[in-house]
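Just so it is clear, the model here is predicted, and its values are computed rather than measured. Just so we're on the same page: letters track the sequence lines, and every chain starts at 1. Atoms considered below: every heavy atom in the structure, side chains included; atoms not considered: hydrogens, waters and symmetry mates.
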Amino acid sequence: MGINSKKVELVSDDSCPECGSAHLYRDDHRAELVCDDCGLVVNESEIDTGPEWRAYTAEDNKRMARTGAPLSQRSHDLGLSTVISYASRDFHGNPIPAKQRDRYNRMRMLHRQSNLLRPGQRSLVQALTVLDRMASVLGIPPRIRDEAALITRKALKKGMVRGRSIEGVVAASLYAACRMNNVPRTLEEMSKVSEVDRKKLRKAYSAISRQIKLRVPLVKPEDYVSRFCSKLDLGPDVEAETHRILNELDDSMGTSSFAPSGTVAAAIYVASVRCGEKKPQRLIAEVAGVSEVTIRNRFQFLNERLKLKFPNKRRASAS
DNA sequence: AATGGGCGATATTCGAA
DNA sequence: TTCGAATATCGCCCATT
C-alpha cells in the first residue's frame with residue numbers, strides 16, 4: 001500500500017492563514033486541512049481521529065495496531081519516510097553476507113542523500129537534529145518541541161539562515177516556543193546549550209518573531225518561579241510565598257522596566273528567608289541568570305513598594 | 001539599513017560590616 | 001554572607017545619514 005497516501009486532495013479555494021500558501025491538502029483519513037508549506041493544521045474537525053478499534057489488553061493493542069508513528073513536525077518529512085535498516089540479519093533471521101552488507105550500506109547512503117532529501121531539506125534535517133538535542137538537554141516537553149520545530153520550518157522556508165547559523169535559528173525558535181507556552185527559558189540558558197552567544201541569539205529571535213507572526217506573550221516573573229525554586233531545592237512553601245509576593249507586587253505598579261528574572265530572583269530570596277530556608281543570593285543569582293547586585297536592587301524595590309516585614313531578622317543557616 | 005548619542009537597567013569589582 | 005558604592009557595559013529608543 002502506498003505509504004504516502006496522505007495527500008489526497010488539493011484544495012484550491014482557500015489559502016493558509018499562517019503563511020499565505022495556497023498549498024492546502026485535505027486529508028481524508030484525519031479529516032483535516034493541512035498546509036503543505038508550513039504544516040499548519042488549518043481546520044481540525046471534531047471527528048475522533050484515534051483508532052476505531054479498542055484494545056483491552058497490551059497484546060490486543062500490539063495485534064490490532066496497524067498504523068505507524070503519528071505525524072510529527074519533528075521529522076523533516078513529517079514521519080513519512082522509508083528507512084533501510086542497519087540489521088545484520090535478513091528477514092528470516094539469517095546472517096547477511098558481508099559483501100551484501102556493503103551494498104546495503106552504500107544503498108542506504110545514496111538513499112539518504114538523493115532520494116529522500118530535496119536540496120532544501122538537508123538543512124532542515126540538521127536543524128531538527130539540533131533542535132531535539134537542545135530540547136532534551138533543557139528537558140522541554142514534546143508538545144513544545146513540536147511547536148519549536150514548526151517555527152524552525154517557517155524560518156528556514158523564509159531563508160532566515162542566511163547570515164545566521166542553523167543553531168542560532170533553532171535556539172531562537174525553541175526560545176520562542178517556550179515563551180509562547182508560558183514556560184520561558186532564559187536567553188542565557190538557551191545560549192548555554194546551543195553554543196550561540198546571547199547577542200546573536202537575541203538578534204535571531206527578534207528577526208524570527210518579526211518575520212513570522214508569533215503570538216509571544218510577555219514574560220511574567222511568575223513563569224519562572226516553579227523552575228527556579230526546584231533548581232534551588234526550595235520547597236512548595238517557598239514557592240507559594242514567592243507567588244504571594246509577586247501577586248502583591250504587580251497589583252501595585254511598575255515592574256515593567258525591570259528584567260523579570262531579576263524580580264523573581266529577589267522575590268524568591270525574600271520568600272526563602274521568610275520560610276527559614278534561606279539560600280545565599282549567590283546561588284539564586286546563578287540560577288536566575290542575574291547578578292547578586294540586581295537581586296539586591298530588586299529587593300530594595302520590593303521593600304519600598306510593599307512594606308516587607310520580616311520575622312525578626314532570623315539568621316537561619318542556609319541548607 | 002547602518003550609525004551614534006542618550007538613558008535606564010544591569011554587571012563587575014571591591015571594601016566594609 | 002550581605003550590603004552599598006563606583007565604574008563599566010548593555011540594550012533599547014530615537015534621530016540622523
A.B. asks: Atom CG of A:Leu187 and atom CG of A:Asp197: how far apart are they, to the nearest 0.5 Å?
C.D. replies: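 Separation between the atoms: 11.0 Å.
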
A.B. asks: Whole angstrom is fine here: how far is it from CZ in A:Phe258 over to P in B:dC7?
C.D. replies: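 So the two atoms are 18 Å apart, to the nearest Å.
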
A.B. asks: Quick one, A:Ile268 and A:Glu239 - any side-chain contact, counting heavy atoms below 4.5 Å?
C.D. replies: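 When only atoms from C-beta onward are counted, A:Glu239 and A:Ile268 do not touch, as no gap falls below 4.5 Å.
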
A.B. asks: For A:Ile295 and C:dC3, what is the distance between atoms CD1 and P respectively, to the nearest whole Å?
C.D. replies: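 So the two atoms are 10 Å apart, to the nearest Å.
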
A.B. asks: Between C1' on C:dT1 and CZ on A:Phe299, what's the gap in Å once rounded to a whole number?
C.D. replies: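 Result: 13 Å.
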
A.B. asks: Grab the CD-P distance between A:Glu286 and B:dA11 for me, whole Å please.
C.D. replies: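 About 14 Å, once rounded to whole Å.
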
A.B. asks: Look at the side-chain N and O atoms of A:Ser257 and state whether any lies under 4.0 Å from the OP1 or OP2 oxygen of B:dA9.
C.D. replies: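 Indeed, a polar side-chain atom of A:Ser257 lies that close.
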
A.B. asks: Please list each protein N or O that sits under 3.5 Å from an N or O in nucleotides 4-7 of chain C, with the distance.
C.D. replies:
| from | atom 1 | to | atom 2 | distance (Å) |
| --- | --- | --- | --- | --- |
| C:dG4 | OP2 | A:Gln300 | NE2 | 2.6 |
| C:dG4 | N7 | A:Arg296 | NE | 3.4 |
| C:dG4 | O6 | A:Arg296 | NH2 | 3.0 |

A.B. asks: A:Arg296: what forms a salt bridge (Lys or Arg N to Asp or Glu O under 4.0 Å) with it, not counting sequence neighbours?
C.D. replies: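 If we apply the salt bridge (Lys or Arg N to Asp or Glu O under 4.0 Å) test to A:Arg296, skipping adjacent residues, the hits are A:Glu292.
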
A.B. asks: Taking A:Val290's backbone N and O only, do any of them form a donor-acceptor pair with A:Thr294's side chain (distance below 3.5 Å, no angle check)?
C.D. replies: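 Absent.
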
A.B. asks: Could you list the protein-to-nucleotides 9-15 of chain C atom pairs, N/O on both sides, closer than 3.5 Å?
C.D. replies:
| from | atom 1 | to | atom 2 | distance (Å) |
| --- | --- | --- | --- | --- |
| C:dC12 | OP1 | A:Arg202 | NH1 | 2.6 |

A.B. asks: Charged N to carboxylate O under 4.0 angstrom, A:Arg244 versus A:Glu248?
C.D. replies: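 A salt bridge is present here (some side-chain N lies under 4.0 Å from a carboxylate O).
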
A.B. asks: Are the charged groups of A:Arg133 and A:Glu195 less than 4.0 angstrom apart, N to O?
C.D. replies: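 Looking at A:Arg133 and A:Glu195, the cut-off is not met.
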
A.B. asks: Distance check needed: B:dA1 P versus A:Lys203 NZ, whole Å only.
C.D. replies: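 Atom NZ in A:Lys203 sits about 14 Å away from atom P in B:dA1.
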
A.B. asks: Could you check how far CZ of A:Arg210 sits from C1' of B:dA1, rounded to whole Å?
C.D. replies: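 The answer, rounded to whole Å, is 11 Å.
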
A.B. asks: Using whole Å, what does the distance between atom P of nucleotide B:dA9 and atom CZ of A:Arg298 come to?
C.D. replies: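 For the pair A:Arg298 CZ and B:dA9 P, the rounded distance is 7 Å.
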
A.B. asks: Whole Å only: how far is the CD atom of A:Glu188 from the P atom of B:dT10?
C.D. replies: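 Those two atoms, CD and P, are 12 Å apart.
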
A.B. asks: State, yes or no, whether a side-chain contact exists between A:Val219 and A:Tyr224 at a heavy-atom distance under 4.5 Å.
C.D. replies: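 In contact.
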
A.B. asks: Is A:Lys200 reaching over with its side chain to a backbone N or O of A:Gly168, donor-acceptor style, under 3.5 angstrom?
C.D. replies: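 Not a single qualifying donor-acceptor pair exists.
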
A.B. asks: Does the Lys NZ or Arg CZ of A:Arg298 fall within the cation-pi geometry relative to A:Phe258 - under 6.0 Å from the ring centre and within 45° of the axis?
C.D. replies: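 Checked: cation-pi criterion met.
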
